[in-house]
Protein chains: 2
Amino acid sequence: MKLSSKGRYAVTAMLDLAFHSKKGPVPLAEISERQDISLSYLEQLFSKLRRTNLVASVRGPGGGYTLNREPENLFVGEIIQAVNENIDATKCSGKSDCKGGEKCLTHNLWENLSDRISDFLNQISLQELMQKRDVKEVVGRQSCYQSSVIVTDLEKTTIDTKLNVL
Amino acid sequence: MKLSSKGRYAVTAMLDLAFHSKKGPVPLAEISERQDISLSYLEQLFSKLRRTNLVASVRGPGGGYTLNREPENLFVGEIIQAVNENIDATKCSGKSDCKGGEKCLTHNLWENLSDRISDFLNQISLQELMQKRDVKEVVGRQSCYQSSVIVTDLEKTTIDTKLNVL
DNA sequence: TATTTAACCAAGTAAATTAGTCAAGTATTG
DNA sequence: CAATACTTGACTAATTTACTTGGTTAAATA
């Protein structure tokens, strides 16, 4: 999982699409103007988004792009992954020329982390972003806020505090 | 928050350091060899890690780097942020030449997301990574799995486990 | 004190990625 | 058929990444 301004462009464009595609396809030219992203760069990004079936396209006059899924089922992680080439997670990816030991250990640890980030981003839907709540206040789907059952007040405070952060 | 192989190098090196710095400073040459990262690149990364006080250095023979904090209080987000230049989050950062409206809306939505990712990464400690558990089994705090109010003992155990992990 | 070790520092560089342009297509509508 | 608008590919400048080279400085040890 890679996170750069490229992914930001993609998510931004998809958000714009989510806001405007209810009344039919949205041409890239509109997104380009509204979000100030060059048309041809958008073309490249949407080419990838289409290949991964996140959007559908309609050609000809009146055409454009639409989301291929409901915003609540379309996740940020998917968008970011779609536009980024796979980053070689381990350098020795799978191969046995890693001489084992130390190196592969940390490689695995990174993969572990990478998976977690990926999982995290795949829990954030476009829908959720569209609601634009203050994250610090609204914990959202990632919360286990009310999962504690019988805890002491002290413990409860600690848990709440921790959860507030996320 | 940017996430690239540069951050991976930094986290990898810090993990290596965490594993080896208990008996005194670790020279970069060792990390370089173990993790197969060029020495001079490590120097650049550690220069930044030192400036942000994540590591401390000892010069001269027998010298090297040590973690400047306990692994349980040193978080992945800090490491990644330390080695990356700040990415311009909104392009119109703060300025009022954004013409308001649509563009700034999605800009804000991205910032929102960016903050969440940042918060997430700042909850994952080196300590935790060192324990190298299988993430796919342990969903961690990000799950709402059992947010029901009345849970069985078995479920409670699960919750505890999950909380322990993150 | 001389030598070794290893951090610290700066400049430069090849490769990759980013962000964008340009110029052709092709499909659809009217 | 003509206009519209998506699609594709090749090409490019700017930036970033990962690394190299060639030092200087501080500390330990012989």
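Residue numbers start from 1 in every chain, and the chains themselves are labelled A, B, ... in the order their sequence lines are given, proteins ahead of strands.
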Which atoms of nucleotides 12-14 of chain D (N or O only) lie under 3.5 Å from a protein N or O atom, and what are those distances?
none

Rounded to the nearest angstrom, tell me the gap between atom [atom1] in [X] and atom [atom2] in [N].
| X | N | atom1 | atom2 | result |
| --- | --- | --- | --- | --- |
| B:Lys6 | D:dT17 | NZ | C1' | 7 Å |
| A:Glu33 | D:dA5 | CD | P | 14 Å |
| A:Lys48 | D:dC6 | NZ | P | 20 Å |
| B:Leu42 | D:dT17 | CG | C1' | 14 Å |
| B:Glu30 | C:dA6 | CD | P | 8 Å |
| B:Ile37 | D:dT17 | CD1 | P | 15 Å |

Tell me which nucleotide among C:dG20, D:dT16, D:dC19 gets nearest to the side chain of B:Lys2.
-> D:dT16
[N] OP1/OP2 closer than 4.0 Å to side-chain N/O of [X]:
| X | N | answer |
| --- | --- | --- |
| A:Ser38 | C:dT21 | yes |
| A:Ser5 | C:dA19 | yes |
| B:Tyr41 | D:dA18 | yes |

How long is the straight-line distance from [atom2] of [Y] back to [atom1] of [X], given to the nearest 0.5 Å?
| X | Y | atom1 | atom2 | result |
| --- | --- | --- | --- | --- |
| A:Leu42 | A:Ser47 | CG | OG | 12.0 Å |
| B:Gln127 | B:Glu70 | CD | CD | 9.0 Å |
| B:Leu113 | B:Ser118 | CG | OG | 11.0 Å |

Quick one: do B:Glu43 and B:Lys48 make a salt bridge, cutoff under 4.0 Å?
-> no
For B:Arg8 and B:Ser4, test the side chains for any donor-to-acceptor distance below 3.5 angstrom and give the result as yes or no.
-> no
Check A:Thr66, A:Val55, A:Leu17 against A:Val26 for a side chain to side chain contact (heavy atoms under 4.5 Å, CB included) and give me the one that passes.
-> A:Leu17
Check for a donor-acceptor pair, side chain of A:Asp16 on one end and backbone N or O of A:Ile31 on the other, with a separation under 3.5 Å.
-> no
Could you tell me how the ring of A:Tyr9 sits relative to the ring of A:Tyr41: parallel (under 30°), tilted (30 to 60°) or perpendicular (over 60°)?
-> perpendicular
Nucleotide-resolved protein contact map, nucleotides 7-13 of chain C, B/S/- at heavy-atom distance under 4.0 Å = BBB----
Check the pair B:Lys2 / A:Lys2 against side-chain contact (heavy atoms from CB on, under 4.5 Å), numbers first and verdict last.
-> CA-CA 8 Å; B:Lys2 206 160 94 181; A:Lys2 208 160 95 180; over 6 Å; no
